[in-house]
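Quantities reported herein were computed from a predicted structural model and do not represent experimental measurements.
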Amino acid sequence: MRIAALDLGTNSFHLLVADVHADGQFEALTREKAMIRLGDVVSRRGHITAAAADTAVATVRHFKRVADAAGATELHAYATSAIRLATNGDDLVDRIEEETGVAVEVISGRREAELIFGAVRASVLLEPAPALCFDLGGGSVEIMVGDAGGLRWATSENLGVSRLTAEFVTTDPINKDDRRRLRAHLIDVLAPVANEVAKLSPKLAVGSSGTLEDLAHMVAARRAQEVPISLNQLSFERDEFEALHKEILTSTADERLRMPGLEARRVDLIVAGSLFLATAMELFDFSELTVSEWALREGIVLDAIRRHDPEDWSDDPRALRRASVQGLARRCNWDEAHARQVATLALELFDGTQELHQLGADDREMLEYAALLHDIGEHVSPSGHHKHGAYLVQNGRLRGFSPAEVQLLAAMARWHRRGNPAPGDDHGLVDEDRLRRLTALLRVADGLDRGRAAAVDGIDVRVGPSLVVVQVRTRRDVELELWGARRKRELFEKTFGRDLELTVQPGAARAALSPTSP
């Protein structure tokens, strides 16, 4: 099934065409955006002008053609604040349907919040929960509180950046009077909301949509390390943002155009957006914001999927991480049996050597995911597949993982074969000691499925002062697997300062060689 989602927003119209699988997961095939700034016209005039309507219709017509060319079997189009509030918004909706064949549903702020939160919880790991989420659009801001189990509370306020800019920003740079008026308006609207939110005790703050993504990109661009390929689940601290905020408030449009990370067509809107975030951090009392790259358009797709599949989503907040990893692996035509066998053996080895590596539950989870992904580079070419795999992981848009976690998984794919693991092109995010410990375990586990026949039933581990013994449980010939693991034990021995011996469990060897054994 192939679903097209049209988000007819206040600043931008968005198209997403996604390929949907039977398990409810989807991959984006086509994305397009047209930043037509419909809200600017509505904010100034209260209605949509003929020229703006022509642009909107032409954009939807183009998106419909793209969706048809991509083979979309369903198309869902939702309109939000600008069309909802325009005095002639219904005329535009009727015209779009008449001239393009696209039926547009104008949704309420509450419905918009529900769809956005569905996307956020499928994109970002909401831990600790509950999470306070802001989707800052052009006409409105949706403020939500929820967790992996669903949305608990939401509101929509007319505080979008296009609206705020049109009403309060009259100079460039913004003068003190405009700044005071805008801040007073934000406090007047947001303070009662903050009081309601405080009752729910949120423990995490998440921001989505273009303006907040741009602010995150600008913060990341000011750091010493390179900006990650994906900003999803990137977090930044209040003090980092406040330094940027001061610079934005005192800058001209020309100066802002030269600021790395800012989209050119948002250069005038970013002032109101920055003031919104600074005020929200103060009123809602959060000191860190995490980015979700998924928002309304992904929420539309997820909602359409749910209409086909009545099963509720898992309440496990980490389920999205596993689904995302498996989705990437599936797209790369993985050798599933081998990957799962390596993951099983890697976790057994992790558990059996706990006193050596002293890593935690998060590391165990990362080891499993790295094992599932370690060979996906074979999708490009068996030759150099470790390097191809690292690239695929970096660019795989893994959901629920921070940029640092994505880079760790990529580095483990890069170094799972041989060599001395080093972070490399990881934007300075990877802990080299952690990488070496996890990669050492992954290599041995990979060697134990050298024949890709799942010949090893399991392992038992004994850790001594100078020797680690891994005893293989099997009823088959595992000579190739033992050879494979011995070839890959050098990093283990260097990292943990122990020799590694691989043997077959007493009795298992005789069974494996017996002509009557299965």
Side-chain angles (χ1 to χ4, degrees), residues 5 7 9 24-26 78 80-81 107-137 140-157 159-160 189-209 211-213 216 231-235 276-277 280-281 283-307 309-324 398-402:
D7 166 11
Q25 301 301 311
F26 73 86
Y78 290 167
T80 59
S81 177
I107 58 174
S108 67
R110 170 70 191 198
R111 177 62 174 148
E112 187 177 354
E114 290 172 351
L115 293 169
I116 291 167
F117 186 77
V120 169
R121 72 169 181 159
S123 177
V124 172
L125 179 63
L126 300 183
E127 285 187 354
L132 167 63
C133 305
F134 299 89
D135 186 88
L136 183 57
S140 64
V141 60
E142 279 60 56
I143 303 173
M144 303 146 279
V145 179
D147 54 26
L151 183 63
R152 295 191 189 181
W153 180 92
T155 187
S156 179
E157 304 293 343
L159 296 176
V189 177
L190 291 177
V193 178
N195 290 336
E196 289 298 312
V197 166
K199 298 174 186 177
L200 299 169
S201 302
K203 299 176 176 61
L204 173 73
V206 179
S208 58
S209 288
T211 298
L212 294 181
E213 285 188 44
L231 296 180
N232 196 62
Q233 205 157 317
L234 180 140
S235 298
F276 172 89
L277 181 55
M281 283 184 159
L283 294 178
F284 291 87
D285 192 26
F286 60 93
S287 59
E288 183 179 66
L289 187 73
T290 298
V291 176
S292 169
E293 288 189 325
W294 280 17
L296 180 58
R297 53 200 174 276
E298 289 82 9
I300 295 170
V301 171
L302 292 170
D303 184 67
I305 292 171
R306 279 194 286 273
R307 296 181 191 182
D309 181 5
E311 294 295 324
D312 292 331
W313 278 26
S314 169
D315 284 344
D316 177 7
R318 292 182 172 253
L320 73 100
R321 289 158 69 94
R322 184 175 300 278
S324 182
L398 290 173
R399 295 171 291 120
F401 294 90
S402 69

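With rounding to the nearest 0.5 angstrom, the CZ atom of Arg121 is 12.0 Å from the CH2 atom of Trp294. Annotation: the span from Thr211 atom OG1 to Leu136 atom CG amounts to 5.0 Å, rounded to 0.5 Å. Residue Glu157 holds its CD atom at 6.0 Å from CD1 of Ile143, rounded to the nearest 0.5 Å. Here the straight-line distance linking atom OG of Ser402 with atom CG of Leu234 works out to 8.5 Å at 0.5 Å rounding.
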Side chain to side chain contact (heavy atoms under 4.5 Å, CB included) evaluation trace for Phe284 with Leu190: CA-CA 9 Å; Phe284 291 87; Leu190 291 177; 4.3 Å; yes

Under the side chain to side chain contact (heavy atoms under 4.5 Å, CB included) rule, what do Phe401 and Arg321 come out as? Steps first, then yes or no, please. CA-CA 7 Å; Phe401 294 90; Arg321 289 158 69 94; 3.6 Å; yes

Could you check Leu132 against Val206 for side chain to side chain contact (heavy atoms under 4.5 Å, CB included), going step by step and ending with a plain yes or no? CA-CA 6 Å; Leu132 167 63; Val206 179; over 6 Å; no

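In this structure, the side chains of Leu302 and Leu115 stay at 4.5 Å or more apart for every pair of heavy atoms. The shortest distance between side-chain heavy atoms of Leu159 and Val189 falls below 4.5 Å. Contact check for Cys133 versus Val145: no side-chain heavy atoms found under the 4.5 Å cut-off. The side-chain heavy atoms of Asp7 and Tyr78, taken from C-beta on, include no pair separated by under 4.5 Å.
For the salt bridge (charged side-chain N to carboxylate O under 4.0 Å, His left out) test, no residue two or more places apart in sequence or in another chain qualifies with Glu213. Residues satisfying the ring pair (Phe, Tyr, Trp, His ring centres under 6.0 Å) criterion with Phe117, sequence neighbours excluded, are absent altogether. Applying the side chain to side chain donor-acceptor pair (under 3.5 Å) rule to Glu112 yields no partners; only residues at least two apart in sequence or on another chain are considered. The salt bridge (charged side-chain N to carboxylate O under 4.0 Å, His left out) test applied to Glu127 returns Arg318, not counting sequence neighbours. The side chain to side chain donor-acceptor pair (under 3.5 Å) check on Ser208 picks up Asp135, with sequence neighbours excluded. The side chain to side chain donor-acceptor pair (under 3.5 Å) check on Thr80 picks up nothing, with sequence neighbours excluded. Looking at residues two or more places apart in sequence or on another chain, you find a side-chain contact (heavy atoms from CB on, under 4.5 Å) between Arg110 and Ser108, Glu114, Leu151, Ala154. For Phe286, the ring pair (Phe, Tyr, Trp, His ring centres under 6.0 Å) test picks out Phe134, with sequence neighbours left out. Listed by chain and number, the residues in a side chain to side chain donor-acceptor pair (under 3.5 Å) with Ser235 are Thr290 (sequence neighbours excluded).
Checked by atom type and distance alone, the side chain of Gln233 pairs as donor or acceptor with a backbone atom of Gly400 at under 3.5 Å.
Under the 3.5 Å distance criterion, with hydrogens and angles disregarded, a donor-acceptor pair is assigned to the side chains of Ser156 and Glu142.
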Output a table of donor-acceptor pairs, distance under 3.5 Å, between side-chain atoms of residues 192-201 and any protein atom two or more places apart or on a different chain; print 'none' if there are none.
unit_1	atom_1	unit_2	atom_2	d
Asn195	ND2	Ala191	O	3.4
Glu196	OE2	Lys199	NZ	3.1

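Here Asp303 pairs with Arg111 in a salt bridge; the nearest charged N to carboxylate O distance falls below 4.0 Å.
For residues 286-297, the set of pairs meeting the salt bridge (Lys or Arg N to Asp or Glu O under 4.0 Å) definition, not counting sequence neighbours, comprises Glu293-Arg397.
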